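Take a look at the structure set out below.
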Amino acid sequence: DTAVSQTPKYLVTQMGNDKSIKCEQNLGHDTMYWYKQDSKKFLKIMFSYNNKELIINETVPNRFSPKSPDKAHLNLHINSLELGDSAVYFCASSQEGAGWVTEAFFGQGTRLTVV
Amino acid sequence: KNQVEQSPQSLIILEGKNCTLQCNYTVSPFSNLRWYKQDTGRGPVSLTIMTFSENTKSNGRYTATLDADTKQSSLHITASQLSDSASYICVVPGTNAGKSTFGDGTTLTVKP
(Lines give C-alpha, C1' and ligand atoms only; values in the text may rest on other atoms or scores of the structure.)
Protein backbone atom coordinates (compact mmCIF):
# COMPACT_ATOMS: atom_id res chain seq x y z
CA ASP A 1 0.00 0.00 0.00
CA THR A 2 1.85 3.04 -1.31
CA ALA A 3 2.22 5.81 1.28
CA VAL A 4 2.83 8.68 -1.16
CA SER A 5 1.80 8.17 -4.75
CA GLN A 6 2.18 10.57 -7.62
CA THR A 7 1.05 10.39 -11.23
CA PRO A 8 2.13 10.26 -13.92
CA LYS A 9 5.57 8.69 -13.53
CA TYR A 10 6.68 10.07 -16.91
CA LEU A 11 5.42 13.16 -18.68
CA VAL A 12 6.63 14.39 -22.05
CA THR A 13 5.13 17.60 -23.35
CA GLN A 14 5.82 20.52 -25.63
CA MET A 15 6.96 23.98 -24.65
CA GLY A 16 4.15 26.32 -23.81
CA ASN A 17 1.75 23.63 -22.64
CA ASP A 18 0.08 23.54 -19.23
CA LYS A 19 0.33 20.32 -17.22
CA SER A 20 -0.50 18.96 -13.80
CA ILE A 21 1.10 16.31 -11.62
CA LYS A 22 -1.05 14.68 -8.98
CA CYS A 23 0.01 13.54 -5.52
CA GLU A 24 -1.83 11.67 -2.80
CA GLN A 25 -0.71 10.48 0.64
CA ASN A 26 -2.47 7.99 2.90
CA LEU A 27 -0.32 8.59 5.98
CA GLY A 28 -2.62 11.12 7.59
CA HIS A 29 0.13 13.74 7.50
CA ASP A 30 -0.67 17.41 7.76
CA THR A 31 2.07 18.71 5.53
CA MET A 32 2.87 17.98 1.91
CA TYR A 33 5.70 19.17 -0.31
CA TRP A 34 6.88 19.44 -3.85
CA TYR A 35 10.57 19.09 -4.69
CA LYS A 36 12.45 19.50 -7.94
CA GLN A 37 15.52 17.39 -8.69
CA ASP A 38 17.61 18.61 -11.59
CA SER A 39 20.03 16.75 -13.84
CA LYS A 40 22.76 17.10 -11.22
CA LYS A 41 20.49 15.33 -8.76
CA PHE A 42 20.27 18.35 -6.46
CA LEU A 43 16.99 18.19 -4.55
CA LYS A 44 15.36 21.59 -4.05
CA ILE A 45 12.19 22.29 -2.14
CA MET A 46 9.55 24.18 -4.13
CA PHE A 47 6.57 24.34 -1.80
CA SER A 48 5.38 23.09 1.53
CA TYR A 49 1.71 23.21 2.35
CA ASN A 50 -0.51 22.30 5.25
CA ASN A 51 -3.99 23.33 6.24
CA LYS A 52 -2.72 26.59 7.56
CA GLU A 53 0.12 27.77 5.46
CA LEU A 54 1.68 27.68 2.04
CA ILE A 55 5.40 28.28 2.02
CA ILE A 56 6.89 29.02 -1.33
CA ASN A 57 10.55 28.89 -2.21
CA GLU A 58 11.20 32.35 -3.58
CA THR A 59 13.14 30.97 -6.52
CA VAL A 60 10.12 29.11 -7.89
CA PRO A 61 8.55 30.87 -10.92
CA ASN A 62 4.90 31.81 -10.51
CA ARG A 63 4.12 29.51 -13.43
CA PHE A 64 4.20 26.78 -10.81
CA SER A 65 1.25 26.56 -8.44
CA PRO A 66 0.26 23.96 -5.86
CA LYS A 67 -3.39 23.04 -5.55
CA SER A 68 -4.74 21.13 -2.57
CA PRO A 69 -8.34 19.92 -2.73
CA ASP A 70 -7.93 18.29 0.69
CA LYS A 71 -5.31 17.32 3.25
CA ALA A 72 -4.37 14.11 1.45
CA HIS A 73 -3.74 15.67 -1.95
CA LEU A 74 -1.35 18.26 -3.28
CA ASN A 75 -1.23 18.65 -7.02
CA LEU A 76 1.34 20.66 -8.93
CA HIS A 77 0.14 22.75 -11.85
CA ILE A 78 2.61 24.21 -14.31
CA ASN A 79 1.70 26.85 -16.87
CA SER A 80 3.58 27.70 -20.05
CA LEU A 81 6.16 24.96 -19.71
CA GLU A 82 9.75 25.79 -20.60
CA LEU A 83 12.70 23.60 -21.54
CA GLY A 84 14.34 24.37 -18.20
CA ASP A 85 11.40 22.83 -16.36
CA SER A 86 12.61 19.39 -17.42
CA ALA A 87 13.47 17.56 -14.21
CA VAL A 88 12.20 14.96 -11.80
CA TYR A 89 9.52 16.26 -9.45
CA PHE A 90 8.96 14.60 -6.10
CA CYS A 91 5.97 14.87 -3.83
CA ALA A 92 6.45 14.20 -0.13
CA SER A 93 4.59 14.39 3.15
CA SER A 94 5.44 14.66 6.81
CA GLN A 95 3.90 15.51 10.16
CA GLU A 96 4.68 18.81 11.78
CA GLY A 97 4.49 19.81 15.40
CA ALA A 98 5.54 22.74 17.50
CA GLY A 99 9.17 23.13 16.50
CA TRP A 100 9.62 19.68 15.00
CA VAL A 101 9.06 17.89 11.72
CA THR A 102 9.05 14.13 11.18
CA GLU A 103 10.86 12.44 8.35
CA ALA A 104 9.51 13.10 4.91
CA PHE A 105 8.04 10.24 2.91
CA PHE A 106 8.60 10.68 -0.80
CA GLY A 107 6.69 9.55 -3.83
CA GLN A 108 8.40 7.74 -6.69
CA GLY A 109 8.90 10.90 -8.71
CA THR A 110 7.58 12.25 -11.99
CA ARG A 111 10.10 12.68 -14.77
CA LEU A 112 9.01 15.71 -16.78
CA THR A 113 10.55 16.25 -20.19
CA VAL A 114 9.74 19.43 -22.08
CA VAL A 115 10.52 19.31 -25.79
CA LYS B 1 22.16 31.81 5.61
CA ASN B 2 21.41 28.23 6.59
CA GLN B 3 23.57 25.80 4.67
CA VAL B 4 24.26 22.10 4.50
CA GLU B 5 27.39 21.01 2.67
CA GLN B 6 28.23 17.43 1.83
CA SER B 7 31.47 15.84 0.74
CA PRO B 8 32.63 14.22 -1.33
CA GLN B 9 30.27 14.99 -4.20
CA SER B 10 30.83 11.50 -5.57
CA LEU B 11 32.66 8.39 -4.44
CA ILE B 12 33.53 5.08 -6.05
CA ILE B 13 34.56 2.12 -3.90
CA LEU B 14 34.95 -1.61 -4.31
CA GLU B 15 32.42 -3.99 -2.85
CA GLY B 16 33.28 -4.96 0.70
CA LYS B 17 35.16 -1.75 1.46
CA ASN B 18 34.12 0.87 4.00
CA CYS B 19 33.46 4.53 3.34
CA THR B 20 32.52 7.69 5.17
CA LEU B 21 30.35 10.52 3.92
CA GLN B 22 30.51 13.96 5.48
CA CYS B 23 27.90 16.61 6.19
CA ASN B 24 28.65 20.06 7.60
CA TYR B 25 25.85 22.41 8.50
CA THR B 26 25.35 25.96 9.62
CA VAL B 27 21.62 25.71 10.23
CA SER B 28 20.37 27.47 13.31
CA PRO B 29 18.51 26.75 15.45
CA PHE B 30 19.44 23.09 15.24
CA SER B 31 17.37 20.23 16.61
CA ASN B 32 18.16 17.23 14.44
CA LEU B 33 19.72 16.00 11.24
CA ARG B 34 18.55 13.25 8.90
CA TRP B 35 20.33 11.09 6.40
CA TYR B 36 18.33 9.95 3.39
CA LYS B 37 19.23 7.32 0.81
CA GLN B 38 18.00 7.78 -2.73
CA ASP B 39 18.24 4.86 -5.11
CA THR B 40 18.26 5.63 -8.81
CA GLY B 41 14.74 6.27 -10.07
CA ARG B 42 13.24 6.33 -6.58
CA GLY B 43 12.37 8.91 -3.98
CA PRO B 44 14.65 9.43 -0.95
CA VAL B 45 14.10 7.22 2.08
CA SER B 46 15.15 8.13 5.61
CA LEU B 47 18.07 6.11 6.96
CA THR B 48 18.46 7.66 10.36
CA ILE B 49 17.90 10.75 12.43
CA MET B 50 20.46 12.30 14.75
CA THR B 51 19.10 14.50 17.48
CA PHE B 52 21.03 17.20 19.27
CA SER B 53 22.00 14.95 22.18
CA GLU B 54 23.08 11.92 20.15
CA ASN B 55 26.65 11.25 19.11
CA THR B 56 26.43 7.90 17.36
CA LYS B 57 23.66 5.75 16.01
CA SER B 58 23.82 2.54 14.01
CA ASN B 59 21.33 1.08 11.58
CA GLY B 60 22.75 -2.18 10.32
CA ARG B 61 25.89 -1.47 8.32
CA TYR B 62 25.21 2.28 8.50
CA THR B 63 26.59 4.31 11.42
CA ALA B 64 25.85 7.99 11.73
CA THR B 65 27.71 10.37 13.99
CA LEU B 66 26.97 13.89 15.08
CA ASP B 67 29.19 16.53 16.63
CA ALA B 68 26.92 19.43 17.51
CA ASP B 69 29.86 21.55 18.63
CA THR B 70 31.60 21.45 15.27
CA LYS B 71 28.31 21.11 13.38
CA GLN B 72 29.40 18.02 11.56
CA SER B 73 27.79 14.68 10.85
CA SER B 74 29.13 11.62 9.10
CA LEU B 75 27.61 8.48 7.66
CA HIS B 76 29.89 5.45 7.74
CA ILE B 77 29.06 2.43 5.62
CA THR B 78 30.71 -0.82 6.57
CA ALA B 79 31.35 -3.76 4.25
CA SER B 80 29.71 -2.04 1.30
CA GLN B 81 27.37 -3.92 -1.00
CA LEU B 82 26.35 -3.23 -4.57
CA SER B 83 22.93 -2.18 -3.28
CA ASP B 84 24.55 0.68 -1.37
CA SER B 85 25.05 2.46 -4.70
CA ALA B 86 22.82 5.51 -4.32
CA SER B 87 22.79 9.17 -3.45
CA TYR B 88 22.99 10.02 0.24
CA ILE B 89 21.40 13.27 1.27
CA CYS B 90 21.86 15.12 4.52
CA VAL B 91 18.89 17.22 5.64
CA VAL B 92 18.52 19.58 8.57
CA PRO B 93 14.84 20.30 9.24
CA GLY B 94 13.82 23.74 10.32
CA THR B 95 11.31 24.53 13.00
CA ASN B 96 8.80 24.98 10.21
CA ALA B 97 7.84 22.34 7.68
CA GLY B 98 8.95 24.48 4.80
CA LYS B 99 12.32 25.42 6.20
CA SER B 100 14.34 22.24 5.79
CA THR B 101 17.81 22.68 4.34
CA PHE B 102 19.05 19.97 2.00
CA GLY B 103 22.61 19.08 1.17
CA ASP B 104 23.44 18.44 -2.47
CA GLY B 105 24.12 14.78 -1.72
CA THR B 106 26.96 12.35 -2.21
CA THR B 107 26.66 9.87 -5.04
CA LEU B 108 28.16 6.54 -4.01
CA THR B 109 29.00 3.86 -6.54
CA VAL B 110 29.97 0.43 -5.29
CA LYS B 111 31.72 -1.69 -7.90
CA PRO B 112 32.18 -5.47 -7.81
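We name chains A, B, ... by the order of the sequence lines, and we start the count at 1 in each one. Everything numeric here is computed off the predicted structure, so don't read it as measured data.
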Given ring-ring contact (aromatic ring centres under 6.0 Å, His included), test A/Tyr35 with B/Phe102 step by step and report yes or no. CA-CA 11 Å; A/Tyr35 293 86; B/Phe102 281 69; 5.1 Å; yes

Contact class of A/Gln6 relative to chain B, heavy atoms under 4.5 angstrom: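 Answer is neither: A/Gln6 stays 4.5 Å or more from chain B.
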
So with a 6.0 Å cut-off around [atom1] of [X], is the heavy-atom count from everything else above 12?
X: B/Lys71; atom1: NZ; result: yes
X: B/Gln9; atom1: CD; result: no
X: A/Asn62; atom1: CG; result: no
X: B/Arg42; atom1: CZ; result: no

Would you say B/Leu47 ends up clustered with B/Val92 if hydrophobic residues are merged whenever their side chains have heavy atoms under 4.5 Å apart, either directly or through other cluster members?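 Per the 4.5 Å side-chain linkage, B/Val92 and B/Leu47 are co-clustered.
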
Measuring heavy-atom distances to chain A, does B/Ser46 have an atom under 4.5 Å in its side chain, in its backbone, in both, or in neither?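 Both the backbone and the side chain of B/Ser46 come within 4.5 Å of chain A.
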
Quick one: does B/Thr48's side chain get under 4.5 Å of A/Glu103's, heavy atoms only?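 The answer is no; the side chains never approach within 4.5 Å.
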
Residue pair B/Tyr36 / A/Ala104: nearest heavy atoms and the distance that separates them: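 Of all heavy-atom pairs spanning B/Tyr36 and A/Ala104, the closest is OH-N, 2.8 Å.
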
Picking from A/Val4, A/Leu43, A/Asp30, which has the most non-hydrogen pairs under 4.5 angstrom with chain B?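 Sorted descending by pairs with chain B, the first entry is A/Leu43.
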
